[in-house]
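Just so you know, these numbers come straight off a predicted model, no measurement behind them. Chain identifiers are assigned alphabetically (A, B, ...) following the order of the sequence lines, protein sequences preceding nucleic acid strands; residue numbering begins at 1 within each chain.
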Number of protein chains: 2
Amino acid sequence: MAKGRYHHGDLRSALLDAAEALVRERGTDGWSLREASARVGVSPSAAYHHFASRDTLVRALSERTLAWLGERLRQDCEHASGQGDDPQRRLIALGRSYVSWSLDDPAVARLVLRGGATAPDSAISPHPHDVLTAELDRLADAGALPEPAREGAEFVLWAALHGLAVLLADGLVRFDDPRAVELQTERVVRTTLNGLAQEASHAAGRPAGRSAHTERLARRSRG
Amino acid sequence: MAKGRYHHGDLRSALLDAAEALVRERGTDGWSLREASARVGVSPSAAYHHFASRDTLVRALSERTLAWLGERLRQDCEHASGQGDDPQRRLIALGRSYVSWSLDDPAVARLVLRGGATAPDSAISPHPHDVLTAELDRLADAGALPEPAREGAEFVLWAALHGLAVLLADGLVRFDDPRAVELQTERVVRTTLNGLAQEASHAAGRPAGRSAHTERLARRSRG
DNA sequence: CTCCAATCTGAACAGTGTTGAGATGCCTGG
DNA sequence: CCAGGCATCTCAACACTGTTCAGATTGGAG
């Protein structure tokens, strides 16, 4: 629609769509703002009425995708919860969803997962990290994660999952069989959770996780 | 040296140095080949006698740094091995070195850790991944890692460490206290190793890690 | 000392992000 | 129904980019 019309209608999201397609085709930097504009059928400068710069467009795409991913993770957790509401099963589903996405759409994942592209004041909802945190809470509530191990546990599991996703998206590690990716992901989640659960028994005598207080980047308070 | 001379002497590594400094100042893309050339005191086209393109220069810098990092990791393992040659202590040292580097030099780390910048046929030696693998072998030899858990364990630990390093370099996670980073890194290594060691007892009945056969990207056979 | 091959320069090309002055046409208020 | 405001878009231009190539320069081999 809006073919040949002077006013486009929804240029902003049309540009985001074009940018997403271009990222998929040629990566984050393999295309120009001018090309995205041309693809939408609009002059290069038109984009500047919706985005302050090319970089802003890319960031906006990153945020849009991140929110989409958060929703996807949440849904996949819910869907996996089918029988018995096993929190560990839900976390494995989350991990599989996260990792398989980064493998199926590596170019977009490379863009999104290096969060430098995410504005600090953007309110992404639901943020993938928040989904993971909520699932860990669920695990702790179910008694499968001792209280001392719960503190900061999200950073351990997040690091492991994020690391696997990034390694795959960047092509630093490859699995011959797609099924192997699922197994590896499952193993990473299981191993990490096992390690976390066992932490309490080893913790006596060392500073414990409490002093490793961490904070996520501020993502609150939309401008 | 070579000030004002027509022939520079060692332009290739001078360009790499300039590129490294520029990456540190303004990130991977915040500078131009022309600026790097100018900084070295040479015309823009001179660079093309040493690098096929800007991208090639960046990749070369990435490889140089990766090899440097591998050497650093190896040395830090050796250094930590002081008393008793405890393999776990060595792995913790490796993790701390890896992570603290990515936090101390985040711009360069961002460039290096996303291996897309690494040519597939480059022979990086010693490659950080190989160092980690060797240390896990050492752990297994010491009997601290059951045989079935050893298989593919490097991908679990690598994912966790790499994930933490990347999250920090990208600023997706921040710790208020530098000491907290060390503790968190130690926790990630310990937790992962604990989880791995405990794997055998849980493994009965599931496919186990054997079918999750993995392979690193080919980095052998220099052109 | 001469000449070659490696090295570097200078000028040029197409394409980039970005800007500002002006054209266009949707929508609101009369 | 129609005037006109205003967001939206176009056009032309700027400085700058990566890259190429014909030619100038020079260290070192014969």
Side-chain angles (χ1 to χ4, degrees), chain A residues 1-63 107 111 116-119 223, chain B residues 1-63 107 111 116-119 223:
Chain A
M1 53 209 77
K3 190 106 179 184
R5 290 211 278 171
Y6 194 95
H7 282 48
H8 181 279
D10 193 2
L11 183 53
R12 194 190 139 88
S13 62
L15 281 171
L16 285 171
D17 292 342
E20 183 169 352
L22 282 166
V23 166
R24 242 185 285 268
E25 291 171 28
R26 305 200 214 105
T28 303
D29 294 318
W31 51 277
S32 61
L33 223 213
R34 295 172 109 104
E35 185 172 2
S37 304
R39 201 172 268 215
V40 173
V42 115
S43 90
S45 40
Y48 286 85
H49 291 266
H50 300 272
F51 302 99
S53 66
R54 197 203 110 114
D55 201 62
T56 307
L57 165 62
V58 171
R59 274 213 281 270
L61 172 60
S62 174
E63 291 170 18
L111 164 62
T118 310
Chain B
M1 53 202 75
K3 190 106 179 183
R5 290 211 279 171
Y6 194 97
H7 282 47
H8 181 279
D10 192 4
L11 183 54
R12 193 191 141 88
S13 61
L15 281 171
L16 285 171
D17 292 343
E20 184 169 352
L22 282 166
V23 167
R24 243 184 285 268
E25 292 170 28
R26 307 201 214 103
T28 303
D29 295 317
W31 52 277
S32 62
L33 223 213
R34 296 171 108 103
E35 185 171 6
S37 305
R39 201 172 267 214
V40 172
V42 114
S43 89
S45 40
Y48 287 85
H49 290 267
H50 300 272
F51 302 98
S53 66
R54 197 203 110 115
D55 201 61
T56 307
L57 166 61
V58 171
R59 274 212 282 267
L61 173 60
S62 173
E63 290 171 18
L111 165 61
T118 309

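- Rounded to whole angstrom, the span from the CG atom of B/Asp55 across to the C1' atom of D/dT19 amounts to 13 Å.
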Could you pull out the protein-nucleic contacts involving nucleotides 15-17 of chain D (nitrogen or oxygen on both sides, under 3.5 Å)?
unit_1 : atom_1 : unit_2  : atom_2 : d
D/dT17 : OP1    : B/Ser32 : OG     : 3.0

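- Distances were taken from every side-chain heavy atom of A/Ala46 (C-beta onward) to each of C/dT19, D/dC9, C/dT9; the shortest belongs to D/dC9.
- Per the geometry, CZ belonging to B/Phe51 stands 15 Å off C1' belonging to D/dG18, to the nearest Å.
- Rounded to the nearest 0.5 angstrom, A/Thr56 OG1 and A/Leu61 CG are separated by 12.5 Å.
- Applying the side chain to side chain contact (heavy atoms under 4.5 Å, CB included) test to A/Asp10 and every residue at least two apart in sequence or in another chain returns A/Arg12, A/Ser13.
- Minimum heavy-atom separation, B/Ala36 to B/Ala18: O-CB, 4.1 Å.
- Every pair passing salt bridge (Lys or Arg N to Asp or Glu O under 4.0 Å) that includes a residue from residues 36-54 of chain A is listed here, sequence neighbours excluded: A/Glu25-A/Arg39, A/Asp29-A/Arg54.
- For A/Ser43, the side chain to side chain contact (heavy atoms under 4.5 Å, CB included) test picks out A/Ser45, A/Ala46, with sequence neighbours left out.
- Every residue meeting the side chain to side chain donor-acceptor pair (under 3.5 Å) condition with A/Arg26, not counting sequence neighbours, appears here in chain and number order: A/Glu35.
- Take the nearest nucleotide of DNA chain C for A/Ser53 and for B/Val42: the residue whose nucleotide is more 5' is B/Val42.
- Of all non-hydrogen atoms in B/Val23 and B/Leu111, the two that sit nearest each other are CG2-CD2, 4.2 Å.
- Minimum atom distance to the side chain of B/Ser45 is reached by D/dC21, of the listed C/dT18, D/dC21, D/dT10.
- Applying the side chain to side chain contact (heavy atoms under 4.5 Å, CB included) criterion to A/Tyr48, with sequence neighbours excluded, gives A/Leu33.
- Atom CG in A/Asp29 sits roughly 13 Å away from atom P in C/dT16 (whole-Å rounding).
- Atoms CZ and CG, from A/Phe51 and A/Leu57 in turn, are 5.0 Å apart once rounded to the nearest 0.5 Å.
- Under 4.0 Å is where a charged nitrogen must lie from a carboxylate oxygen, and between A/Glu20 and A/Arg24 at least one such pair does.
- Look at A/His50 and you won't find any side-chain N or O under 4.0 angstrom from OP1 or OP2 of D/dA7.
- Near DNA chain C, defined here as any heavy-atom distance below 4.0 Å, there are no residues from residues 14-25 of chain B.
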Between the protein and nucleotides 22-25 of chain D, list the N/O to N/O atom pairs that are separated by less than 3.5 angstrom.
unit_1 : atom_1 : unit_2 : atom_2 : d
D/dA24 : N3     : B/Tyr6 : OH     : 3.0

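- Taking atom OH of residue B/Tyr48 and atom C1' of nucleotide C/dT7, one finds them 17 Å apart after rounding to whole Å.
- Rounding to the nearest 0.5 angstrom, the gap separating the CG atom in A/Leu22 from the OG1 atom in A/Thr28 is 11.0 Å.
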